[in-house]
Amino acid sequence: QVQLVESGGGLVQAGGSLRLSCAASGSVFRINAMGWYRQAPGKQRELVAVQTSGGSTDYADSVKGRFAISRDNAKNTAYLEMNSLRPEDTAVYYCNADIRRYSYSNNMNYWGKGTLVTVSS
(Lines give C-alpha, C1' and ligand atoms only; values in the text may rest on other atoms or scores of the structure.)
Protein backbone atom coordinates (compact mmCIF):
# COMPACT_ATOMS: atom_id res chain seq x y z
CA GLN A 1 0.00 0.00 0.00
CA VAL A 2 1.02 3.59 -0.52
CA GLN A 3 2.28 5.46 2.50
CA LEU A 4 2.94 9.16 3.00
CA VAL A 5 5.55 9.94 5.63
CA GLU A 6 6.08 13.49 6.87
CA SER A 7 9.18 14.78 8.57
CA GLY A 8 10.64 18.09 9.66
CA GLY A 9 8.13 19.26 12.26
CA GLY A 10 9.16 20.51 15.66
CA LEU A 11 9.43 23.49 17.95
CA VAL A 12 10.60 26.80 16.54
CA GLN A 13 10.71 30.39 17.71
CA ALA A 14 8.54 33.02 16.06
CA GLY A 15 10.27 34.37 12.99
CA GLY A 16 12.12 31.13 12.42
CA SER A 17 11.92 28.63 9.59
CA LEU A 18 11.19 24.97 9.07
CA ARG A 19 11.09 22.70 6.06
CA LEU A 20 8.64 19.83 5.98
CA SER A 21 9.09 16.81 3.76
CA CYS A 22 6.56 14.27 2.56
CA ALA A 23 7.76 11.10 0.89
CA ALA A 24 5.40 8.72 -0.87
CA SER A 25 6.44 5.08 -0.80
CA GLY A 26 5.01 1.81 -2.05
CA SER A 27 3.45 1.21 -5.42
CA VAL A 28 3.32 4.59 -7.12
CA PHE A 29 2.80 4.99 -10.83
CA ARG A 30 2.03 8.68 -10.87
CA ILE A 31 1.35 11.40 -8.33
CA ASN A 32 -1.07 14.06 -9.44
CA ALA A 33 -1.84 16.76 -6.88
CA MET A 34 0.28 16.80 -3.73
CA GLY A 35 -0.10 19.25 -0.90
CA TRP A 36 -0.22 20.21 2.73
CA TYR A 37 -3.07 20.81 5.16
CA ARG A 38 -3.00 21.83 8.80
CA GLN A 39 -5.31 21.57 11.76
CA ALA A 40 -5.15 23.16 15.19
CA PRO A 41 -7.11 21.74 18.15
CA GLY A 42 -10.75 22.74 17.95
CA LYS A 43 -10.35 24.19 14.47
CA GLN A 44 -11.16 22.99 10.98
CA ARG A 45 -8.52 21.44 8.80
CA GLU A 46 -7.45 23.90 6.14
CA LEU A 47 -5.47 23.84 2.95
CA VAL A 48 -2.00 25.32 3.30
CA ALA A 49 -0.49 24.69 -0.13
CA VAL A 50 -0.96 22.34 -3.06
CA GLN A 51 0.87 21.68 -6.30
CA THR A 52 -0.22 19.60 -9.28
CA SER A 53 2.08 17.50 -11.40
CA GLY A 54 1.90 20.27 -13.98
CA GLY A 55 3.29 22.81 -11.54
CA SER A 56 0.15 24.77 -10.73
CA THR A 57 0.13 25.93 -7.09
CA ASP A 58 -2.36 27.31 -4.62
CA TYR A 59 -1.77 28.78 -1.16
CA ALA A 60 -3.85 29.86 1.77
CA ASP A 61 -3.93 33.65 2.02
CA SER A 62 -2.41 33.48 5.49
CA VAL A 63 0.81 31.87 4.21
CA LYS A 64 1.30 33.56 0.85
CA GLY A 65 4.74 35.09 0.64
CA ARG A 66 5.98 33.06 3.61
CA PHE A 67 5.54 29.41 2.60
CA ALA A 68 6.60 27.66 -0.58
CA ILE A 69 5.68 24.22 -1.84
CA SER A 70 7.90 22.24 -4.18
CA ARG A 71 8.13 18.70 -5.52
CA ASP A 72 10.84 16.28 -6.50
CA ASN A 73 8.97 13.96 -8.82
CA ALA A 74 11.91 11.58 -9.16
CA LYS A 75 11.78 10.98 -5.41
CA ASN A 76 7.98 11.15 -5.07
CA THR A 77 8.52 13.80 -2.44
CA ALA A 78 6.92 17.14 -1.64
CA TYR A 79 8.37 19.90 0.49
CA LEU A 80 6.93 22.82 2.37
CA GLU A 81 9.38 25.58 3.19
CA MET A 82 8.01 27.75 5.98
CA ASN A 83 9.56 31.11 6.74
CA SER A 84 8.71 33.93 9.13
CA LEU A 85 6.71 31.54 11.27
CA ARG A 86 4.09 32.93 13.61
CA PRO A 87 2.43 31.43 16.70
CA GLU A 88 -0.80 31.15 14.72
CA ASP A 89 0.97 28.73 12.39
CA THR A 90 1.03 26.19 15.22
CA ALA A 91 -0.84 23.09 14.07
CA VAL A 92 -0.54 19.50 12.98
CA TYR A 93 0.51 19.53 9.35
CA TYR A 94 -0.72 16.74 7.09
CA CYS A 95 0.58 15.65 3.74
CA ASN A 96 -2.02 14.79 1.13
CA ALA A 97 -1.68 13.32 -2.34
CA ASP A 98 -3.75 12.04 -5.23
CA ILE A 99 -1.93 8.98 -6.53
CA ARG A 100 -2.36 6.50 -9.33
CA ARG A 101 -0.75 3.28 -8.15
CA TYR A 102 -0.76 1.50 -11.51
CA SER A 103 -1.17 2.55 -15.09
CA TYR A 104 -4.48 0.70 -15.29
CA SER A 105 -5.93 1.90 -11.99
CA ASN A 106 -7.81 5.01 -10.94
CA ASN A 107 -6.56 7.77 -8.69
CA MET A 108 -6.84 7.51 -4.92
CA ASN A 109 -6.38 10.05 -2.16
CA TYR A 110 -3.92 9.45 0.67
CA TRP A 111 -3.09 11.19 3.93
CA GLY A 112 0.00 11.14 6.08
CA LYS A 113 -0.22 10.79 9.85
CA GLY A 114 0.75 14.40 10.41
CA THR A 115 3.65 16.21 12.00
CA LEU A 116 3.33 18.80 14.75
CA VAL A 117 4.69 22.29 14.24
CA THR A 118 4.80 24.49 17.33
CA VAL A 119 5.76 28.14 17.04
CA SER A 120 6.54 29.89 20.31
CA SER A 121 6.35 33.63 20.86
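Between Phe29 and Ser105 the shortest side-chain heavy-atom distance does not fall below 4.5 Å. The closest side-chain heavy-atom distance from Ser121 to Gln13 is not below 4.5 Å.
Cluster annotation: Leu47 is not connected to Leu20 through the hydrophobic network of ILVMFWY side chains, with a link wherever side-chain heavy atoms come within less than 4.5 Å. In this structure, Val5 is not a member of the same hydrophobic cluster as Val92, with clusters built from ILVMFWY side-chain heavy atoms closer than 4.5 Å. The hydrophobic clustering, which links ILVMFWY residues whose side-chain heavy atoms are closer than 4.5 Å, places Leu18 and Ile69 together.
Of all heavy-atom pairs between Ala33 and Val50, the closest is CB-CG2, 4.2 Å. The shortest heavy-atom contact between Tyr94 and Gly114 is CD2-CA, 3.6 Å. Nearest heavy-atom pair, Leu4 versus Ala24, reported as atom, atom and distance to 0.1 Å: CD2-CB, 3.5 Å. Residues Ala14 and Pro87 share a closest heavy-atom pair of CB-CD, 4.2 Å. Nearest heavy atoms, Ala49 versus Leu80: CB-CD1, 4.1 Å. When all heavy atoms of Met34 and Ala97 are compared, the pair lying nearest together is CG-CB, 3.9 Å.
Atom CG of Asn76 is separated from atom OG of Ser25 by 9.0 Å, given to the nearest 0.5 angstrom. Arg19 CZ to Asn83 CG: the interatomic distance, rounded to the nearest 0.5 Å, is 11.5 Å. Note that OG of Ser62 is 8.0 Å distant from CZ of Arg86, once rounded to the nearest 0.5 Å. We find the CD-OG distance between Gln51 and Ser56 to be 8.0 Å, quoted to the nearest 0.5 Å. Rounding to the nearest 0.5 Å places CD of Gln3 at 11.0 Å from OG of Ser27. Rounded to the nearest 0.5 angstrom, Lys64 NZ and Tyr59 OH are separated by 10.0 Å.
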Subject >> Audit row: Trp36, Glu6, side chain to side chain contact (heavy atoms under 4.5 Å, CB included) steps and yes/no >> reply: CA-CA 10 Å; Trp36 295 89; Glu6 303 102 330; 3.8 Å; yes
Subject >> CA sep, side-chain torsions, deciding dist, call: Arg66, Asp89, side chain to side chain contact (heavy atoms under 4.5 Å, CB included) >> reply: CA-CA 11 Å; Arg66 299 189 298 120; Asp89 293 319; 2.8 Å; yes
Subject >> Test side chain to side chain contact (heavy atoms under 4.5 Å, CB included) applied to Phe67 and Leu85, step by step >> reply: CA-CA 9 Å; Phe67 292 9; Leu85 284 163; 3.8 Å; yes
Original post:
Where do Ile31 and Val28 land on the side chain to side chain contact (heavy atoms under 4.5 Å, CB included) test, with the steps shown first?
Top reply: CA-CA 7 Å; Ile31 300 177; Val28 177; 3.7 Å; yes
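A donor-acceptor pair is defined here as one N or O able to donate and one able to accept, closer than 3.5 Å; no such pair exists between the side chain of Gln39 and the backbone of Gln44. For the pair Thr77 (side chain) and Lys75 (backbone), a donor-acceptor distance under 3.5 Å is present.
Partners of Arg30 by side chain to side chain contact (heavy atoms under 4.5 Å, CB included), not counting sequence neighbours, listed by chain and number: Asn32, Arg100.
Cation-pi geometry between Arg71 and Tyr79 is not met at under 6.0 angstrom from the ring centre and within 45 degrees of the axis.
The one candidate from Thr118, Val119, Val117 that meets the side chain to side chain contact (heavy atoms under 4.5 Å, CB included) condition with Leu11 is Thr118.
Between the side chains of Arg38 and Tyr93, at least one donor-acceptor pair of N or O atoms lies under 3.5 Å. Using modelled atom types and a 3.5 Å distance limit, the side chains of Asn109 and Asp98 yield a donor-acceptor pair.
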